[in-house]
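For reference, the structure discussed in these notes is given below.
Order of the sequence lines fixes the chain letters, A, B, ..., with proteins taken first and strands second; residue numbering starts at 1 for each chain.
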Number of protein chains: 2
Amino acid sequence: MTTHLDRSVGLVTTRTARVFDDAHPLTLRSGATLGQVDVAYETYGTLNHARDNAVFICHALTGDAHAAGFHDGDTKPGWWDTIIGPGKPIDTGTWYVVCANLLGGCQGTTGPSSTNPTTGEPYGLDFPLLDMGDFVEVHRALGRHLGIDRFAAVVGGSLGGMQALQWAIDHPSEVGRAIIIAASSRLTAQNIAFSAVGRQAIMRDGDFREGRFLTEGTAPRRGLAVARMMAHITYLSETGFEEKFGRSAQRGELTKNFGVDFAIESYLEHQGERFLSRFDALSYLYLTRVMDYFDPFADPQALDALLDDPVRFLVLSFDTDWRFSTEHSRRIVRHLEGARLPTSFREIHSAWGHDSFLLDIPDYHATVRAFLERAAEDLS
Amino acid sequence: MTTHLDRSVGLVTTRTARVFDDAHPLTLRSGATLGQVDVAYETYGTLNHARDNAVFICHALTGDAHAAGFHDGDTKPGWWDTIIGPGKPIDTGTWYVVCANLLGGCQGTTGPSSTNPTTGEPYGLDFPLLDMGDFVEVHRALGRHLGIDRFAAVVGGSLGGMQALQWAIDHPSEVGRAIIIAASSRLTAQNIAFSAVGRQAIMRDGDFREGRFLTEGTAPRRGLAVARMMAHITYLSETGFEEKFGRSAQRGELTKNFGVDFAIESYLEHQGERFLSRFDALSYLYLTRVMDYFDPFADPQALDALLDDPVRFLVLSFDTDWRFSTEHSRRIVRHLEGARLPTSFREIHSAWGHDSFLLDIPDYHATVRAFLERAAEDLS
């Protein structure tokens with residue numbers, strides 16, 4: 001692990017902060033309130049004296065606060081260790097990097113599996129429906145907790161990119177730059193369809209118990225695994241699947257049966273099973289639904305506040321991403337450029353589809369690095 | 001209904017023939033035998049005296065023998081009534097058209113839900129695994145039953161096209177022409193992945209009971225509906241979904257909940273539910289698995305028998321089909337042309353993805369019509 005640690009932020013721990021409480025509850029976009037909101041987060045690097053070198057990392061659907069470095073005893077680093085660390089594109093020698101599990105999640109931040117303080121039982125489906133703006137408010141509250149009023153950059157891929165966009169729209173004076181990677185401002189019918197079928201697999205599972213499975217001691221494991229397996233198909237390109245698996249057998253030759261025979265079947269089954277140990281079916285419902293409803297440019301005034309506080313945008317897509325194709329990024333860019341906001345756009349070549357945002361692709365990393373180096377020039 | 005009937009084959013009924021029995025069992029490619037095989041079929045048009053004007057229609061995954069015309073009392077015609085009928089591309093004024101439910105199906109032909117004569121109970125997972133060649137042998141047996149030793153053309157879309165290809169490979173002297181539409185000779189890892197996740201949804205359903213659900217009086221309805229909903233996403237193009245549904249609400253405005261809110265969600269739910277009344281989960285497993293394993297050109301001698309009996313091929317794809325993209329058709333064409341077989345290939349423009357093969361698309365229908373008109377010139 002030593003070699004890894006050399007180019008890593010090293011050993012890290014996830015901490016938790018209560019950012020809203022009964023005295024200062026969180027009012028959601030829907031009007032509902034949450035009396036207690038805890039946030040799990042990690043930080044890497046050092047906040048400078050001027051407190052102007054903070055970068056916020058927004059994670060994707062199934063991510064968590066552990067973006068970089070190693071938890072004690074782990075041999076695998078955080079989910080975005082490829083890009084965050086000393087000398088890496090998001091350079092912890094320069095930046096104080098904050099990553100938090102998002103509201104509605106299941107990795108330490110308050111979500112539908114948390115205890116509802118008014119009943120003493122898990123919220124289940126009594127947890128209020130969320131909006132992209134609610135994620136942002138919780139992240140801002142964590143910022144204030146850490147003494148940060150403005151982030152030099154907010155960065156995210158997929159659902160993370162959608163949060164970065166929402167943050168820039170809602171509070172442009174608090175965001176210097178936004179990096180929006182493999183994201184969308186508006187899911188298509190096909191996107192929503194995949195999302196809907198995943199939720200159906202969960203909600204139709206007999207062990208879902210109308211969302212009360214935690215109280216009843218069950219879990220919709222079968223439905224959640226099916227949802228995850230299906231989603232995984234959309235995370236990789238067809239070419240990527242062909243290169244990685246093709247039609248090869250999992251063991252020697254194809255034996256012809258209904259079990260795991262092709263290597264691709266083994267991969268999907270593994271992804272489905274592994275997911276069960278780290279993710280909660282209710283969070284899956286809540287977070288995917290936020291993506292479905294996300295449509296910030298439906299409001300023609302969405303970008304008005306940015307005219308006075310122009311956030312600088314970097315929008316990136318991957319050419320084989322068919323979950324959020326380049327067309328999604330182009331739509332974001334059209335809106336930003338229509339409002340004359342400083343926007344860089346680049347489509348990166350990669351064989352690996354949507355998941356490319358997690359990988360070390362030289363062109364991609366160089367582009368993020370250059371964008372943040374320009375941001376570093378503004379530091380006090 | 002009168003206007004419909006004018007351009008239709010009219011009222012039709014599905015008949016059943018026992019094409020294999022204990023005295024003459026069917027030996028499958030796997031070596032297993034089936035003592036009794038019944039086939040449900042329909043015919044349209046008239047067999048001529050020379051018995052050389054027969055056209056066989058191979059149906060796709062969830063099709064059945066009812067390809068054209070109306071069953072008594074129905075207001076909707078058979079699934080391929082757009083293309084089969086008097087004056088239509090597969091002209092019943094010229095051709096004697098035969099369509100049969102395939103082996104392993106659930107619409108009248110022997111399949112895993114049929115009664116196993118040795119136990120008196122439904123086969124369930126004791127039904128043997130099938131091969132594309134097994135479908136063909138049953139269809140040939142039906143041909144013999146009808147007094148047809150050679151089909152002027154064998155035609156099919158998707159899994160139907162795969163059967164047409166297999167038939168031409170196995171018995172070229174019995175096939176004049178083969179029309180292979182939106183099909184594949186080799187599923188990709190992504191194709192297999194979708195297929196595998198659909199089966200997982202079914203087999204993980206608590207009501208599947210290891211395939212004994214008929215005996216136990218249950219049915220994996222939730223899993224089968226999820227499998228169907230997911231598959232439907234792959235049948236239509238992203239553009240098609242956008243045109244048809246976009247982000248529109250099912251009722252007036254979006255209300256934000258976990259139920260059916262977007263129109264696309266309502267469509268998928270409807271597709272899933274409707275499927276339950278007409279399809280069986282076991283057939284879904286058996287038929288999709290045949291497609292996964294289909295790989296005829298893995299045998300380099302696959303086309304050798306055609307050198308003496310060159311079948312004429314028409315291979316068609318649709319430009320927005322992403323289930324079996326044009327690349328799949330091109331692979332078939334490369335193999336056929338490599339063996340110097342007379343092959344026409346055309347990619348048809350259509351916004352509607354894989355399902356285009358079921359639709360009345362003028363370019364597509366004109367191409368099929370012209371190909372069969374040339375076949376008609378050879379009739380005695």
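Chain A forms more heavy-atom pairs under 4.5 Å with one residue of B:V226, B:I264, B:D205, B:I233 than with any other, namely B:I233. Most heavy-atom pairs under 4.5 Å with chain B, from the set A:R247, A:E269, A:M203: that is A:R247. Interface summary for chain B: among A:E238, A:M230, A:Q200, the most heavy-atom pairs under 4.5 angstrom belong to A:E238. Contact tally against chain A (heavy-atom pairs below 4.5 Å) for B:M229, B:K244, B:H232: the top residue is B:M229. No other option in B:L268, B:D207, B:D261, B:V260 has as many heavy-atom pairs under 4.5 Å with chain A as B:D261.
When the heavy atoms of residues 189-197 of chain A are compared with those of chain B, the residues falling under 4.5 Å are A:A189, A:Q190, A:N191, A:I192, A:A193, A:F194, A:A196, A:V197, listed by number. Residues of residues 274-287 of chain B lying within less than 4.5 angstrom of chain A, judged on heavy atoms, are B:L285, B:Y286 in numerical order. Within residues 126-133 of chain B, the residues that have a heavy atom under 4.5 Å from a heavy atom of chain A are B:L129, B:D131, listed by number.
For the pair B:M162 and B:M291, the minimum side-chain heavy-atom distance is below 4.5 Å. Put simply, the side chain of A:S329 does not reach to within 4.5 Å of the side chain of A:E347, judged on heavy atoms. The side-chain heavy atoms of A:R199 and A:D292, taken from C-beta on, include a pair separated by under 4.5 Å. A heavy-atom distance below 4.5 Å is found between the side chains of B:L103 and B:L28. Residues A:R334 and A:R331 are in side-chain contact: their nearest non-hydrogen atoms beyond the backbone lie under 4.5 Å apart. Within the 4.5 Å cutoff, side-chain heavy atoms of B:Y123 are placed close to those of B:L34. Side-chain contact between A:L125 and A:R212: absent, with no pair of heavy atoms (C-beta onward) separated by less than 4.5 Å. Side-chain contact between B:R228 and B:T62 is present, with heavy atoms from C-beta onward closer than 4.5 Å.
The main-chain N or O of B:S350 is found under 3.5 Å from a side-chain atom of B:D319 such that the two form a donor-acceptor pair. The main-chain N or O of A:T239 is never found under 3.5 Å from a side-chain atom of A:W352 such that the two would form a donor-acceptor pair. Counting only distance, with no hydrogens or angles, the side chain of B:T33 and the backbone of B:T27 share no donor-acceptor pair below 3.5 Å.
The pair B:R186-B:E327 does not meet the salt-bridge criterion, since no charged nitrogen lies less than 4.0 angstrom from a carboxylate oxygen.
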Can you list the steps and then say if A:L26 with A:T110 is a side chain to side chain contact (heavy atoms under 4.5 Å, CB included)?
CA-CA 12 Å; A:L26 170 63; A:T110 299; over 6 Å; no
Please determine whether side chain to side chain contact (heavy atoms under 4.5 Å, CB included) holds for the pair B:L61 and B:Y235, giving the CA-CA distance in whole Å, both sets of side-chain angles, and the decisive distance to 0.1 Å.
CA-CA 12 Å; B:L61 177 60; B:Y235 296 159; 3.8 Å; yes
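Heavy atoms of A:L187 lying under 4.5 Å from chain B belong to its backbone as well as its side chain.
Residue pairs meeting the salt bridge (charged side-chain N to carboxylate O under 4.0 Å, His left out) criterion with at least one partner in residues 187-196 of chain B, sequence neighbours excluded, are absent.
A distance of 6.0 Å or more separates the ring centres of A:Y267 and A:F262.
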